[in-house]
J.: 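Supplied in structure tokens, the structure appears directly below.
Values reported hereafter were calculated over all heavy atoms of this structure, with side chains retained and with hydrogens, waters and symmetry mates removed. Numbering starts at 1 and runs along the sequence shown.
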Amino acid sequence: MEVNLENIREIMEDAVSKYGANKAFTLKQGDGEYRDISYSRYYEEIRCLGEALLCRGFSNTRIVIIGKNSYNWYLANMATLLTGNITVPLDKELKYDEFESSLVRSEAEVIFYDEKEADAVAKAISSGKTRIKAAFPFFKVADKTDIYDLKVEGKELVDGNSNRYDDVVINPDAMSFMIFTSGTTSQSKIVMLSHRNVASNVVNTIASEPIYDTDVNISLLPYHHTFGLTCQIIMFAAGASTVFCDGLKYIQQNFKEYGVSIFVGVPLLIETMYSRILKKAEKEGLYGRLKAMGRVVRVLGKAHIDIRRTVFKGVLEAFGGKLRMVILGAAAANPECIKGWNDFGVICLQGYGLTETSPVLSAERPAYRRPGSVGIPIEGVSMDVYEPDENGIGEIVARGENIMLGYYENEEATNECIYDGWFHTGDLGYRDKDGYYYITGRKKNVIVLMNGKNVFPEEIEQELNVLPYKEEAIIVGIPNAEDERDLVVTLKLVYNPEDFDGKTSEEINAIVKADIEKINDKLPSYKRIKRVYTTDEPMEKTSTQKIKRFVETQKIIDEEKAEKLRKKETMSEEA
């Protein structure tokens with residue numbers, strides 16, 4: 001693709017000129033049939049919807065989009081962006097108060113919404129607190145103008161020679177995205193991104209990663225998240241086709257159904273799939289053979305003999321036989337899982353970025369991989385380590401055209417992270433001698449002990465991957481009951497109950513604690529895990545499957561306080 005494209009409209013027009021007849025989407029119909037939408041047809045629908053919005057007077061307007069990933073979701077998003085309006089994608093999991101606050105803070109005037117959000121939208125509009133002037137459902141409603149009606153309205157306008165869409169001039173440096181960061185309403189910031197920010201990230205990612213016009217991508221990351229939002233434009237730019245998942249429990253079926261060849265996701269998903277493969281092999285008595293063949297293909301690979309997809313044909317066919325590449329982000333992946341998928345012949349690449357960086361900063365490439373790293377900076381991005389310590393660990397900083405405009409109406413927060421010509425990510429990490437970057441944790445997650453030692457939770461969490469029953473785990477610092485300034489390195493672990501069939505919770509705790517002691521033996525004394533909490537209840541997560549550390553930490557603190565109170569009451573009764 002052209003490297004001088006500076007806005008998303010130019011990217012779409014470039015894609016349509018090259019891949020007009022290609023399938024942009026394949027949609028499953030209610031009758032079990034499938035409908036293919038070509039790039040040319042998709043762009044025509046963007047134009048019609050955009051014309052309708054402009055003729056209704058919505059220009060330079062803030063437009064909220066909320067709902068599950070769908071064709072209409074992204075159609076509304078692209079029509080918003082390509083008409084010079086401002087997209088405000090919101091998390092469909094927001095509680096009502098957060099949803100209403102987001103509408104107020106963004107000063108949005110238009111909203112596109114899913115059926116599940118209908119009641120919340122009606123309540124917010126009737127509250128009189130928002131500026132919403134028009135609300136368009138993604139579904140058919142008899143007494144409301146929905147997105148389908150708008151498309152028809154726009155088609156009639158275009159056929160009648162209305163050309164407001166053609167007259168739009170995109171300012172590549174104006175605020176075009178308002179994206180809420182995760183956190184509570186009071187804590188969340190609104191990231192301002194421009195067309196240039198996102199377009200540069202799209203162009204430079206395409207230059208760094210092999211995505212082809214023959215690929216079938218399955219949409220998994222939520223579109224309200226910058227990773228999902230930008231990656232969908234990357235798929236358009238490459239001419240790939242996109243399909244939608246029927247739900248995580250149907251994902252393997254969907255892979256086979258559509259012949260999925262590529263997807264962008266979070267490590268939890270690929271790790272769960274890998275774990276299931278291993279457990280199935282174990283049940284069938286094939287685990288040893290699976291591991292042995294993994295070693296064989298790695299040895300042959302060094303001699304440039306690649307038989308992986310032939311040897312592991314059975315494994316790959318369980319996922320449709322077409323899967324060739326997975327791009328991971330948002331959290332660190334288990335290196336053993338990455339190696340396992342690579343053994344099967346599926347390229348697993350880790351990347352790194354933030355909402356504020358549109359989002360990609362660095363990524364592995366097929367020819368430049370190092371398990372455990374987040375690769376090297378993509379084209380057009382510079383990275384460095386700010387004020388590294390004696391181990392080379394410091395804050396990761398970056399610069400490039402993809403760095404945000406700033407935080408909306410929050411100059412103080414903007415100045416705290418953008419200064420001296422660099423964006424300060426808040427992530428800690430280091431760079432090896434070959435230029436690969438490694439993330440060791442968030443600055444705010446670091447456990448600072450009274451003796452001045454720093455414990456990086458993510459570093460210890462990697463060690464916990466050896467536990468076969470581990471579903472999820474976090475390391476946090478819990479205040480010592482005797483002196484709250486002193487933090488205790490604490491583990492909360494979610495286990496798979498199937499791995500402890502018939503055992504009591506006391507027996508499970510004993511097994512886990514014994515295994516943790518073996519891990520402790522490999523750690524410096526100050527990093528040793530002092531307390532262990534186990535459960536089979538999943539931890540609270542964001543919509544991108546990141547564990548809410550502060551929520552889980554508070555749960556542990558509350559549990560400790562309740563236990564202390566119970567003991568005190570018991571002692572009083574005994575006295």
Side-chain angles (χ1 to χ4, degrees), residues 7-8 60-66 73 77 80-81 84-94 98-99 101-108 171-202 204-205 221-234 329-331 351-362 378 380-381 383 395-419 421-427 442-444 542-544 546:
N7 68 61
I8 296 160
N60 197 32
T61 300
R62 297 168 189 191
I63 299 178
V64 164
I65 307 171
I66 186 168
W73 196 111
N77 179 66
T80 296
L81 290 168
N85 284 296
I86 299 156
T87 185
V88 187
L90 293 183
D91 186 349
K92 64 183 176 61
E93 303 300 330
L94 288 175
E98 292 178 302
F99 168 65
S101 174
S102 299
L103 294 183
V104 172
R105 290 179 62 196
S106 66
E107 302 178 83
N171 178 353
D173 298 308
M175 178 184 73
S176 300
F177 299 76
M178 297 179 75
I179 302 179
F180 285 77
T181 61
S182 58
T184 63
T185 301
S186 60
Q187 293 174 329
S188 64
K189 296 187 281 287
I190 305 175
V191 174
M192 300 186 293
L193 299 178
S194 68
H195 272 260
R196 191 186 303 279
N197 288 152
V198 175
S200 70
N201 210 241
V202 169
N204 290 323
T205 301
L221 286 171
Y223 282 153
H224 78 269
H225 190 267
T226 316
F227 199 15
L229 194 70
T230 301
C231 283
Q232 184 59 65
I233 301 174
I234 289 170
Y352 165 68
L354 302 91
T355 299
E356 292 87 342
T357 61
S358 307
V360 185
L361 286 176
S362 69
I378 64 168
V381 171
M383 291 171 64
E395 184 177 13
I396 303 294
V397 295
R399 59 187 176 192
E401 289 189 334
N402 59 318
I403 303 301
M404 68 172 179
L405 301 175
Y407 295 116
Y408 180 67
E409 293 187 339
N410 197 338
E411 188 176 349
E412 182 181 353
T414 301
N415 293 336
E416 284 175 1
C417 66
I418 301 178
Y419 54 91
W422 293 87
F423 169 70
H424 293 247
T425 65
D427 287 318
R442 288 289 293 170
K443 278 175 72 176
K444 63 183 180 182
T542 66
S543 55
T544 53
K546 288 182 180 178

J.: Would you sort out whether Phe177 and Leu81 count as a side-chain contact (heavy atoms from CB on, under 4.5 Å), showing the intermediate values?
T.: CA-CA 8 Å; Phe177 299 76; Leu81 290 168; 3.7 Å; yes
J.: What are the two closest non-hydrogen atoms of Ile403 and Thr357, and how far apart are they?
T.: CD1-CG2, 3.7 Å
J.: So does Leu103 get a backbone contact from the side chain of Ser106, meaning a donor-acceptor N/O pair under 3.5 Å?
T.: yes
J.: Give me the atom names and distance for the closest heavy-atom approach of Leu361 to Asn402.
T.: CD2-ND2, 3.7 Å
J.: If every non-hydrogen atom of Ser358 is compared with every non-hydrogen atom of Asn201, which pair is closest and at what distance?
T.: O-OD1, 3.2 Å
J.: Rounded to the nearest 0.5 Å, what separates atom CE in Met178 from atom CZ in Arg62?
T.: 4.5 Å
J.: Contact between Asn171 and Asp173 at the side-chain level, heavy atoms closer than 4.5 Å - yes or no?
T.: yes
J.: At what distance, to the nearest 0.5 angstrom, does OG of Ser102 lie from CD1 of Ile190?
T.: 7.5 Å
J.: To the nearest 0.5 Å, tell me how far Ile396 CD1 sits from Thr425 OG1.
T.: 6.0 Å
J.: In the structure I gave you, are the side-chain heavy atoms of Pro359 and Met404 within less than 4.5 Å of one another anywhere?
T.: no
J.: As a quick check of understanding, evaluate side-chain contact (heavy atoms from CB on, under 4.5 Å) for Leu94 and Lys92, giving each step before the final call.
T.: CA-CA 6 Å; Leu94 288 175; Lys92 64 183 176 61; over 6 Å; no
J.: Please round to the nearest 0.5 Å and tell me the distance separating atom OG of Ser176 and atom CG of Asn60.
T.: 8.5 Å
J.: I'd like to know if the side chain of Asn77 pairs up with that of Thr87 as donor and acceptor (distance under 3.5 Å, no hydrogens or angles considered).
T.: yes
J.: Assess the residue pair Leu90 and Ile65 against the criterion (side-chain contact (heavy atoms from CB on, under 4.5 Å)); give the C-alpha distance rounded to whole Å, side-chain angles, the decisive distance to 0.1 Å, and a yes or no.
T.: CA-CA 6 Å; Leu90 293 183; Ile65 307 171; over 6 Å; no
J.: Could you walk me through whether Ile66 and Phe99 pass the side-chain contact (heavy atoms from CB on, under 4.5 Å) test, one step at a time?
T.: CA-CA 10 Å; Ile66 186 168; Phe99 168 65; 3.9 Å; yes
J.: Looking at residues at least two apart in the chain, or sitting in another chain, which of them share a salt bridge (Lys or Arg N to Asp or Glu O under 4.0 Å) with Glu401?
T.: none
J.: Check the orientation of His424 and Tyr419. Use parallel for under 30°, tilted for 30 to 60°, and perpendicular for over 60°.
T.: parallel
J.: Do Glu98 and Glu93 make a side-chain contact, defined as non-hydrogen atoms from C-beta onward lying under 4.5 Å apart?
T.: no
J.: Out of Met175, Lys189, Arg105, which one pairs with Tyr408 under the side chain to side chain contact (heavy atoms under 4.5 Å, CB included) rule?
T.: Met175
J.: Just by modelled atom types, is the Thr61 backbone N or O under 3.5 Å from a matching donor or acceptor in the Asn85 side chain?
T.: yes
J.: For residues Tyr223 and Leu229, report the shortest heavy-atom separation together with the two atoms involved.
T.: O-CD1, 3.2 Å
J.: Can you name the nearest heavy-atom pair linking Met383 to Ala398, along with the distance?
T.: CG-CB, 4.1 Å
J.: Could you measure the distance from the CD1 atom of Ile418 to the CZ atom of Arg399? Nearest 0.5 Å is fine.
T.: 13.5 Å
J.: Does a side-chain heavy-atom distance below 4.5 Å link Tyr352 with Val360?
T.: no
J.: Which heavy atom in Ala174 sits nearest to a heavy atom in Leu405, and how many Å separate them?
T.: C-CD1, 4.0 Å
J.: Under a 4.5 Å cut-off applied to non-hydrogen side-chain atoms, are Thr230 and Thr205 in contact?
T.: no
J.: Please tell me if the side chains of Leu354 and Asp427 come closer than 4.5 Å, counting only heavy atoms from C-beta onward.
T.: yes
J.: Would you tell me whether Tyr407 and Glu356 have side-chain atoms, one donor and one acceptor, within less than 3.5 Å of each other?
T.: yes
J.: What distance separates Arg196 CZ from Ile8 CD1, expressed to the nearest 0.5 Å?
T.: 12.0 Å
